[in-house]
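Worksheet for the structure shown next.
A note on names: the letters A, B, ... follow the listed sequences, proteins ahead of strands, and every chain is numbered from 1. Note: hydrogens, waters and symmetry copies are ignored here, and every other heavy atom, side chains too, is used.
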Amino acid sequence: MVQQIKEKYEETQLYRIRHSLAHVMAQAVVEMFPEAKYTIGPPIENGFYYDFDLPRNLTPEDLEQIEKRMRQIVQGKHEFKKKVVSAEEARQIFKDQPYKLELIDGLEKGGFDEYGNPLAEKPEISIYQHDTFIDLCRGPHVQNTSEINPNAFKLMSVAGAYWRGDEKNKMLQRIYGTAWETTEQLEQYLWKLEEAKRRDHRKLGKELDLFSVSDEVGPGLILWHPKGALVRVLVEDFSRKAHLENGYEWVFSPHIGRAHLWEVSGHLGFYKENMYSPMDIEGEAYYAKPMNCPFHIQIYKSRIRSYRELPKRYAEYGTVYRYERSGVLHGLTRVRGFTQDDAHIFCRPDQVEEEISRALEFSLYILRSMGLKDFKAYLSTRPEKYVGDPADWDKATEALRRAIEAHALPYEVDEGGGAFYGPKIDLKVNDALDREWQLSTIQFDFNLPERFGLEFIAEDGQPRRPYMVHRALLGSMERFFGVLIEHFAGAFPVWLSPVQVMIIPIADRHLDYAREVAQKLRAEGLRVEVDDRSERMNAKIRDAQNQKIPYMLVVGDKEVEANAVALRLRNGENPGPMPLTEFIARAKKDIAEKN
RNA sequence: GCCCACAUAGCUCAGUCGGUAGAGCACACCCUUGGUAAGGGUGAGGUCACGGGUUCAAGUCCCGUUGUGGGCUCCA
């Protein structure tokens, strides 16, 4: 999995620091709880963690104390010493540590490393010691704890985690820490966390009145308020138009379908745990759709298809319902009912290459139009269990790879990470805080064409099976909106701002003029409101700015006199008075350029 | 689903040792008509998530349920 990056990270000093701090933390915890059973503690993105089996639950005060003790240990200038040992020696050393013994068994048998990941070769067994603490570990570590800056790490949280990630196993206590080379880096990281909190879409969703979730309706079900819905409508309209211009045909399909459909599609076999219980309609079972594919397939199958009419590209904003376990729901990014900007492409084998390339190109175009610029692709290839012809898999995978390379996207290959029905590209987006979000996906499907017996009549008059590609670009409207909110911190580009202009009359006598300006701007297609409250101008500015409204137009005696407006921007910039016509030109330019 | 924490006015929160509920913002009304990030006053607004229990007495202690948050696992 994602080998390229992982290996690079493993070679860095930061990786060694984090890995070493995990050991130091384990020492501090074991000192605090001599009966503690310790398990594994790897470096991760931004830091490290270690999982413990402890006699009681940790409190925030415990964390402080552990952190304090860690500083002392780090400052003790202890050397990290590696030693290769036999399995027997290792068992002796860790005789009171059942989790370690389990790991040693795995190492001895080969096939698994100390984190339980599959391994090609049988590894040597090594231990690392610093100060009084010995851990089963293959390293690498710093030479000496003096290489660790005692003021560049911090323990962040305690959370439950299953032994080896399996929910059938015991729940352990995981302590997360973050660690850096310098204090500045630590502070920068902590700032980023704060900033992420400030732009949390759940918080902004409330403050900007964009959406809500109601207990009465149910968890994971989103209510789009007028302002949020307006953004969605704008995004949908833009994207729908682009689809129609790019050779897609728009379709609509129902939200439920007969059990038989889902049996044929196989969803009742391999996807049932994500589907809701059926409803009874005149003695027949119907299911809410977890995917749109079977419906688009029915449209394809509604008559005989000629090779001449391929490719067929059916697009729909398809609302699907999937059962997600209560613990995984999260704001807009993980919900139970959501709308995908879905499409299915049915094409001839000789069209695959171009269709993939087009789909990727189109995806990048749409995402860039939304103000997202930083992408990374993940190519997932054939897993061990798969359906279809390996030759088709290879052809499809190569088409995906060439498309990525043709677009000069950075990418990683997830060998064997594809679904059983086909290889795929996932496109992840890095937002303004450099956080990665998965949005687009382009997947081949070698399963459904077979199951539904899809055909087209080839040039020679014989039926052939088409290739089928499933793709979503924004992913889901809910998740995309969540990402959009966080990326822009709620300050959407002008073309997507629910309210683009707030007119701020200074005194009541300017109200008529303010309304007149509003009318003129509306006639130009701008979304305008007048703040006619009996508040001071300062308060109105503050409120408009907090609502992230792109343009504030202050109008008072001078503006009325000169048929002008005084412009203020939401970033605090103050271009000042200008003729109304000049403002209109400026706004229209910003909108056209998607600023 | 599992581990931990949390749930008080529309929002953000306070509420000590168990003694019967508070602030700011928002809202309504009144005064104020102010030139680039909060003018002043008055008022209305709460089954303290829900259901049990302990107690003379529960927002506060205990149990359960629901929801939310941080994780685990999974994913658009």
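Contacts of A:Asn538 with the nucleic acid, taken as non-hydrogen atoms under 4.0 Å apart, involve only primed sugar atoms and P, OP1 or OP2. Among the atoms of the strands shown, base atoms are found under 4.0 Å from some heavy atom of A:Asn546. Contacts of A:Lys540 with the nucleic acid, taken as non-hydrogen atoms under 4.0 Å apart, are absent. Counting non-hydrogen atoms under 4.0 angstrom, A:Gly165 reaches the backbone sugars and phosphates but no base. Looking at heavy-atom distances under 4.0 Å, A:Gly475 makes contact with sugar-phosphate atoms alone, never a base. Among the heavy atoms of the strands lying under 4.0 Å from A:Asp557 is at least one base atom, whether or not backbone atoms are also near. Among the heavy atoms of the strands lying under 4.0 Å from A:Arg174 are primed sugar atoms or P, OP1, OP2 only; no base atom is included. Residue-level contact check: A:Leu439 touches the backbone only, with heavy atoms under 4.0 Å from sugar-phosphate atoms and none from bases. Within the nucleic acid shown, A:His330 comes within 4.0 Å of sugar-phosphate atoms alone, with no base atom in reach, counting heavy atoms only. Heavy atoms of A:Ala544 sit nowhere under 4.0 angstrom from any nucleic acid atom. Using a 4.0 Å heavy-atom distance criterion, A:Tyr176 is classed as a sugar-phosphate-only contact. Within the nucleic acid shown, A:Gln173 has no heavy atom closer than 4.0 Å to any nucleic acid atom. Here A:Phe481 lies out of heavy-atom contact (under 4.0 Å) with every strand. Within 4.0 Å (heavy atoms only), A:Ala472 reaches no atom of the nucleic acid at all.
For the P atoms, the distance linking B:rA9 with B:rG22 amounts to 14 Å, nearest Å. If you take atom P in B:rC48 and the same atom in B:rA21, they sit 10 Å apart, rounded to whole Å. When the P atom is used for both B:rC11 and B:rA26, the distance is 15 Å, rounded to whole Å. Straight-line distance between the C1' atoms of B:rA28 and B:rU47: roughly 25 Å, to the nearest whole Å. Distance noted for atom C1' between B:rG24 and B:rU36: 25 Å (whole Å). Taking atom C1' in both B:rA38 and B:rU55, the straight-line distance is 47 Å, to the nearest Å. Taking atom P on both B:rG34 and B:rG39, the two are 14 Å apart, rounded to the nearest angstrom. Comparing the P positions of B:rG19 and B:rG59 gives a spacing of 10 Å, expressed to the nearest Å.
Among residues two or more places apart in sequence or in another chain, the side-chain contact (heavy atoms from CB on, under 4.5 Å) test is passed with A:Asn169 by A:Trp163, A:Arg164, A:Asp166. In terms of the side-chain contact (heavy atoms from CB on, under 4.5 Å) criterion, residue partners of A:Ala514 (sequence neighbours excluded) are, by chain and number, A:Ile503, A:Pro505, A:Val530, A:Val555. In this structure, the side-chain contact (heavy atoms from CB on, under 4.5 Å) partners of A:Ala196, at least two apart in sequence or on a different chain, are A:Leu433, A:Arg435. Residues satisfying the side chain to side chain donor-acceptor pair (under 3.5 Å) test with A:Thr381, not counting sequence neighbours, are A:Glu415. In this structure A:Tyr323 satisfies the side-chain contact (heavy atoms from CB on, under 4.5 Å) test together with A:Tyr276, A:Arg325, A:Arg336, sequence neighbours excluded.
Screening residues 555-575 of chain A for salt bridge (Lys or Arg N to Asp or Glu O under 4.0 Å), with sequence neighbours left out, gives A:Arg509-A:Asp557. Identified under the salt bridge (Lys or Arg N to Asp or Glu O under 4.0 Å) test for residues 535-554 of chain A, with sequence neighbours left out: A:Arg533-A:Asp543. Screening residues 420-441 of chain A for ring pair (Phe, Tyr, Trp, His ring centres under 6.0 Å), with sequence neighbours left out, gives A:Phe270-A:Phe420.
Map A:Arg509 and A:Leu58 each onto its nearest nucleotide of RNA chain B; the residue landing nearer the 5' end is A:Leu58. Residue whose closest nucleotide on RNA chain B sits further toward the 5' end, between A:Ile506 and A:Val158: A:Ile506.
No side-chain donor-acceptor contact under 3.5 Å links A:Lys203 to the backbone of A:Lys197.
The ring of A:Phe52 has its center closer than 6.0 angstrom to the ring center of A:Tyr50.
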Would you mind writing out the side-chain donor-acceptor pairs for residues 313-320 of chain A within the sub-3.5 Å range, not counting sequence neighbours?
unit_1	atom_1	unit_2	atom_2	d
A:Arg313	NE	A:Glu355	OE1	2.8
A:Arg313	NH1	A:Gly247	O	3.0
A:Arg313	NH2	A:Glu355	OE2	2.8
A:Tyr314	OH	A:Arg305	NH2	3.3
A:Glu316	OE1	A:Ser253	OG	2.8
A:Glu316	OE1	A:His296	NE2	2.7
A:Glu316	OE2	A:Ser253	N	2.8
A:Glu316	OE2	A:Ser253	OG	3.0
A:Tyr317	OH	A:Glu236	O	2.7
A:Tyr317	OH	A:Ser239	OG	3.4
A:Tyr317	OH	A:Arg240	N	3.1
A:Thr319	OG1	A:Thr339	OG1	2.7

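Close approach of RNA chain B to chain A, defined as any atom under 4.0 Å from a non-hydrogen atom of the protein, starts and stops at B:rG1 to B:rA76.
Between the side chains of A:Asp590 and A:Tyr551, at least one donor N or O sits under 3.5 Å from an acceptor N or O. Side-chain contact annotation: A:Gln443 with A:Thr441, donor-acceptor N/O pair under 3.5 Å present.
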Starting at the 5' end of RNA chain B, write a dot or bracket for each base, bracketing those in Watson-Crick or G-U wobble pairs whose two distances are under 3.5 Å and using | for partners on another strand. (((((((..((((.....[..)))).(((((.......))))).....(((((..]....))))))))))))....
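Annotation: proximity of residues 207-220 of chain A to RNA chain B (heavy atom, distance under 4.0 Å) is found for A:Asp215, A:Pro219, numbered in ascending order.
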